[in-house]
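Remarks on the structure that follows.
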Amino acid sequence: MIAADNLPETTKDGKFDLLVYLQARQKLCEAALSQSVPQQYPDTIYEAMRYSLLAGGKRLRPILCLASCEMMGGTMEMAMPTACALEMIHTMSLIHDDLPAMDNDDYRRGKLTNHKVYGEDIAILAGDGLLAYAFEYIAAQTENVPAPRVLQVVAQLGRAVGAAGLVGGQVVDLESEGKSDISLETLNFIHKHKTGALLEVCVVSGGILAGATEQDLQRLSAYAQNIGLAFQIIDDILDITATQEKLGKTVGKDQQAQKVTYPSLWGIEESQKQAQQLIEKACAQLEPFGEKAQPLLALAHFIVNRDR
Ligand code: GRG
């Protein structure tokens with residue numbers, strides 16, 4: 001399914017090259033994603049699903065899943081169906097988030113949003129189609145992994161996506177709109193659920209598929225919770241400091257909507273400091289894994305240093 005055997009060398013003179021690592025994994029993910037949802041009848045729905053799924057993006061979620069599986073002794077082949085499913089779910093959450101009933105955005109990943117191209121009805125269905133297919137894809141396509149591990153991944157993913165995760169975070173976010181007195185506790189709740197829950201299941205599912213122990217899964221969980229919050233803090237900062245060309249979506253929306261964000265509570269400098277501290281905490285969790293943790297350590301640093 002994937003040509004994981006002729007990947008470029010990522011460590012040179014003992015130094016890990018994240019750029020080479022990211023480019024190689026992004027290429028693998030693009031190919032696997034394109035294969036995962038073939039164009040077929042009814043054409044409109046598959047076209048709409050593929051439009052957003054293949055619109056680019058950093059592919060951070062599938063890459064985290066693959067990296068975690070490899071760190072825990074598994075292979076990329078074992079994790080690729082789950083990695084694709086995670087990107088399908090991330091994409092569907094973006095499609096629904098961009099709808100007029102939610103954030104009402106015109107651009108995403110440098111392209112018109114799904115509903116702008118296909119209409120709201122098809123955009124809702126494209127999201128639904130990707131969500132359902134993600135679970136089918138894990139169950140039907142995962143190979144060389146004992147069934148109880150696959151079942152555990154499906155159960156954890158369902159929890160991360162539903163009202164106990166993304167959906168719950170999005171609801172509190174919607175309810176907080178237009179309120180200037182949102183506490184740090186509520187802001188953390190929103191982002192731990194809306195952004196953090198999916199990033200956490202990306203890392204943990206890789207570990208589950210590889211057969212990691214409960215103790216190691218706890219470490220992966222703690223690593224992911226910290227990078228999840230740091231990711232959102234940087235997302236908030238980029239909404240103020242980056243350009244539309246770089247982010248591929250409208251910028252300055254938080255300020256325009258007078259949304260409470262980390263920079264609005266702490267200022268940009270303090271927000272950056274807090275994100276850095278979270279990354280250090282995340283990396284500390286990976287100490288027992290030694291050299292094998294290099295990709296996940298580098299990905300954590302990438303999250304705070306990214307410009308898009
Ligand atoms: C999941 C059933 C279900 C419904 C969706 C709309 C919704 C409920 C939740 C919103 C989730 C959301 C859009 C969270 C924001 C996460 C975030 C910071 C996205 C940006 O991620 P990047 O920067 O984007 O990784 P790319 O394009 O690089 O993949």
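By convention here, the first residue in the shown sequence is residue 1. Counting convention: from 1, in listed order, for ligands and their atoms alike.
- Put simply, the side chain of L66 reaches to within 4.5 Å of the side chain of C29, judged on heavy atoms.
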Given D105 and K253, is the salt bridge (Lys or Arg N to Asp or Glu O under 4.0 Å) satisfied, shown in steps?
-> CA-CA 9 Å; D105 275 302; K253 283 208 72 167; 3.1 Å; yes

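- Interface atoms of ligand 1 facing L166, defined by a heavy-atom separation under 4.0 Å, are 1 (C).
- Within the set R109, H193, R306, the minimum heavy-atom distance to atom 26 (P) of ligand 1 is found for R109.
- With hydrogens and angles disregarded, a donor-acceptor distance shorter than 3.5 Å links the side chain of Q39 to the backbone of D43.
- The parts of K58 lying near ligand 1 are both backbone and side chain, judged by heavy-atom distances below 4.0 Å.
- Residue contacts with ligand 1 include M92, since one or more of its heavy atoms lies under 4.0 Å from the ligand.
- When heavy-atom distances to ligand 1 are checked against a 4.0 Å cut-off, Q232 comes that close only through its side chain, counted from C-beta outward.
- Residue V161 has at least one heavy-atom neighbour below 4.0 Å for each of these atoms of ligand 1: 1 (C), 2 (C).
- Annotation for ligand 1: atoms under 4.0 Å from non-hydrogen atoms of D235 are 18 (C).
- Annotation: atom 16 (C) of ligand 1 to nearest protein heavy atom, T195 OG1, 3.7 Å.
- Of all protein heavy atoms, the one lying nearest to atom 24 (O) of ligand 1 is H90 NE2, 3.6 Å.
- At distances below 3.5 Å, at least one donor-acceptor pair connects side-chain atoms of N305 with backbone N or O atoms of H301.
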Evaluation steps, side chain to side chain donor-acceptor pair (under 3.5 Å), between D254 and T261 | CA-CA 7 Å; D254 294 342; T261 62; 5.3 Å; no

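- Heavy-atom contacts of G57 reach the following atoms of ligand 1: 26 (P), 27 (O), 28 (O) (cutoff under 4.0 Å).
- L60 does not count as a contact of ligand 1, since none of its heavy atoms falls under 4.0 Å from the ligand.
- Of the protein's non-hydrogen atoms, F231 CE2, 3.6 Å is the one closest to atom 18 (C) of ligand 1.
- Close approach of ligand 1 to V167 is summarised as follows: ligand atoms under 4.0 Å from at least one heavy atom of the residue are 2 (C), 3 (C), 4 (C).
- Counting protein heavy atoms only, atom 17 (C) of ligand 1 is closest to R61 NH2, 4.1 Å.
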After noting the C-alpha distance and the side-chain angles of K259 and D236, does the key distance pass the salt bridge (Lys or Arg N to Asp or Glu O under 4.0 Å) rule?
-> CA-CA 10 Å; K259 241 181 158 176; D236 285 358; over 6 Å; no

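- The CG atom of L86 sits 9.5 Å away from the CZ atom of R61 when rounded to the nearest 0.5 Å.
- Between R306 and D235 there is a salt bridge, since a side-chain N of the basic residue sits under 4.0 Å from a carboxylate O of the acidic one.
- Side-chain atoms of H115 and P100, non-hydrogen and from C-beta on, do get closer than 4.5 Å to each other.
- Residue R59 does not touch ligand 1, judged by heavy-atom distances below 4.0 Å.
- Sequence neighbours left out, the pairs with a member in residues 262-273 that pass side chain to side chain donor-acceptor pair (under 3.5 Å) are N188-Y262, E270-Q274.
- No continuous path of ILVMFWY side-chain contacts below 4.5 Å connects L99 to I89, so the two sit in separate hydrophobic clusters.
- In this structure, the protein non-hydrogen atom closest to atom 10 (C) of ligand 1 is Q170 OE1, 3.3 Å.
- In terms of N/O distances under 3.5 Å, ligand 1 is not approached by D97.
- Distances from ligand 1 to the non-hydrogen atoms of R308 include no value under 4.0 Å.
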Apply side chain to side chain contact (heavy atoms under 4.5 Å, CB included) to V150 and I138, showing your working.
-> CA-CA 7 Å; V150 182; I138 296 175; 3.9 Å; yes

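- Closest protein heavy atom to atom 14 (C) of ligand 1: K194 CE, 3.5 Å.
- Contacts between I89 and ligand 1, counted as non-hydrogen atom pairs separated by less than 4.0 Å, are absent for every part of the residue.
- When side chains are defined from C-beta on, L296 counts as touching S68, because their heavy atoms get closer than 4.5 Å.
- Of all atoms in ligand 1, listed by their number and element, those nearer than 4.0 Å to a heavy atom of L131 are 2 (C).
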